[in-house]
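First the structure, in the form of structure tokens, and then the observations on it.
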Amino acid sequence: MPTVDEAKSMARAVESALRAKNVTITHGECLDIVARQFGLKDWNVLSAQAKRSEAAARRRITSLKGWALLAEHPDAYDHGADADPTVRGGDVALIRHDPVLGPRRYPDPVRAFACYMQSVSAVPFRGRRVAIGAKLRCQDVTHGATLWARVDAMPGHTFAFDNLKDAPDGWLFGNTSWVERRVVLDVCAEAISLHFGFFLKGRGALWAADFRVEEAAAAALTAPPFPPRSREAAWSAPTNLTFSEVIGSSPV
């Protein structure tokens, strides 16, 4: 996909070449010709896609402090910092399933899943009820999107988890303007880590803004805690030190 400036330069070259052959044509018509060379309807479509590609390229060389994207194929997503003047402060985060590379990586859209997450110590929240909330907005989401949170002990052992799947106002689909979503969990005295974030399943785009992590003693739980049970230690151990184990691969 060319940049906007590159596409305009191509249109000027077309206009100059045709005028040299005494063909009368407007600059706007030349812009549409360039768009059709890329399989697009007209200049408006090309301009919008080019601007989106330029923004995605800028996001690829930056990162959101404290946040990590998890996906089987991260390159299938345009993700990172974005801007929305309708949100307080204007700063938002984005996960967008790339309309070109995404279907190549995930021919079956039900397998496409990406989430932004943050992991923090649960120690300051031990013995408290905690609410994790945020504003979310989505566009053309096919299989669902919302926020989630989890309270863990040692790796692989979870005390509480909720992704609002069973909530009446939980997952977002299609096109939705900014709405509030909140998960409320108890952080037990043995908790070690607290994880939270937002996810996109399938295709489409999801924006998040104004995350909050706060005590909510009077709030009702959005999901019941996991039943207590004995847990064996399962700490992460060094692995794949020779780089011989590779998980999955997909053709470009």
Side-chain angles (χ1 to χ4, degrees), residues 64-71 79 84 86-89 91-95 110 113-202 204-232 234:
L64 288 168
K65 180 181 178 180
W67 293 88
L69 183 86
L70 299 182
H79 63 91
D84 188 325
T86 67
V87 172
R88 182 184 62 183
D91 296 320
V92 301
L94 163 71
I95 304 174
V110 75
F113 180 90
C115 81
Y116 257 121
M117 70 172 290
Q118 189 166 146
S119 298
V120 301
S121 172
V123 173
F125 305 103
R126 282 177 174 173
R128 301 180 182 180
R129 182 161 294 182
V130 173
I132 297 94
K135 293 179 180 177
L136 302 175
R137 176 172 75 87
C138 70
Q139 181 181 65
D140 300 329
V141 170
T142 60
H143 290 73
T146 194
L147 56 75
W148 62 276
R150 190 179 76 234
V151 179
D152 283 353
M154 59 193 70
H157 294 157
T158 298
F159 287 118
F161 170 80
D162 192 14
N163 64 2
L164 299 177
K165 186 174 183 179
D166 299 321
D169 294 321
W171 287 28
L172 306 178
F173 296 89
N175 299 286
T176 304
S177 300
W178 288 107
V179 295
E180 291 277 351
R181 287 292 183 267
R182 187 168 80 151
V183 168
V184 180
L185 300 174
D186 281 338
V187 181
C188 65
E190 297 82 14
I192 294 174
S193 56
L194 172 65
H195 313 270
F196 57 88
F198 57 104
F199 69 84
L200 170 67
K201 185 174 177 60
L206 176 67
W207 289 263
D210 295 335
F211 255 85
R212 302 171 305 282
V213 181
E214 54 199 6
E215 186 174 358
L221 294 174
T222 55
F226 287 10
R229 60 183 184 274
S230 61
R231 295 175 170 85
E232 297 180 0

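A heavy-atom distance below 4.5 Å is found between the side chains of Phe211 and Ile132. The shortest distance between side-chain heavy atoms of Phe199 and Asn163 falls below 4.5 Å. Arg137 places a side-chain heavy atom less than 4.5 Å from the side chain of Asp84. At least one side-chain heavy atom of Gln139 sits less than 4.5 Å from a side-chain heavy atom of Asn175.
Taking the six-membered ring where the residue is Trp, His79 and Tyr116 present perpendicular rings, their angle passing 60° and hence far from 30°.
Atom-to-atom distance recorded for Glu215:CD and Arg128:CZ is 5.0 Å, nearest 0.5 angstrom. Going from atom NE2 of His143 over to atom CZ of Phe173 covers 9.0 Å, rounded to the nearest 0.5 Å. Interatomic distance, Phe226 CZ to Thr158 OG1, rounded to the nearest 0.5 Å: 6.0 Å. Taking CH2 from Trp178 and OG1 from Thr86, the interatomic distance works out to 6.5 Å, rounded to the nearest 0.5 Å. Atoms CG and CG, on Leu172 and Leu206 in that order, are 7.0 Å from each other to the nearest 0.5 Å. Note that CG of Leu200 and CZ of Phe113 are 8.5 Å apart. Values are rounded to the nearest 0.5 Å.
Not one N or O on the side chain of Lys165 forms a donor-acceptor pair closer than 3.5 Å with the backbone of Trp171. In terms of modelled atom types and a separation under 3.5 Å, the side chain of Arg181 and the main chain of Asp169 share a donor-acceptor contact.
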* Asked: Is there a side-chain contact (heavy atoms from CB on, under 4.5 Å) between Val87 and Trp207 once you walk through the steps?
  -> CA-CA 11 Å; Val87 172; Trp207 289 263; over 6 Å; no
* **Stepwise side-chain contact (heavy atoms from CB on, under 4.5 Å) test for Thr222 and Arg182** => CA-CA 8 Å; Thr222 55; Arg182 187 168 80 151; 5.9 Å; no
* To do: Assess whether side-chain contact (heavy atoms from CB on, under 4.5 Å) is satisfied between Phe196 and Val120, documenting all intermediate values.
  => CA-CA 9 Å; Phe196 57 88; Val120 301; 4.2 Å; yes
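For the residue pair Ala223 and Leu185, the shortest heavy atom distance occurs at O-CD2, 4.4 Å. Of all heavy-atom pairs spanning Ser193 and Ala153, the tightest one is OG-O, 4.3 Å. Of all heavy-atom pairs between Ala220 and Val184, the closest is O-CB, 3.4 Å. Listed here is the closest heavy atom pair of Ser119 and His195: OG-ND1, 2.6 Å. Looking at every heavy atom in both residues, Val183 comes nearest to Ala149 through CG1-CB, 3.9 Å.
Each of Leu164, Val141, Asp162 was scored for a side-chain contact (heavy atoms from CB on, under 4.5 Å) with Thr146, with one residue passing: Leu164. Remark: of the listed residues Val123, Val151, Asp152, Val151 is the sole one forming a side-chain contact (heavy atoms from CB on, under 4.5 Å) with Leu194.
The local environment of CZ in Arg126 is crowded, with over 12 non-hydrogen atoms from other residues, nucleotides or ligands closer than 6.0 Å.
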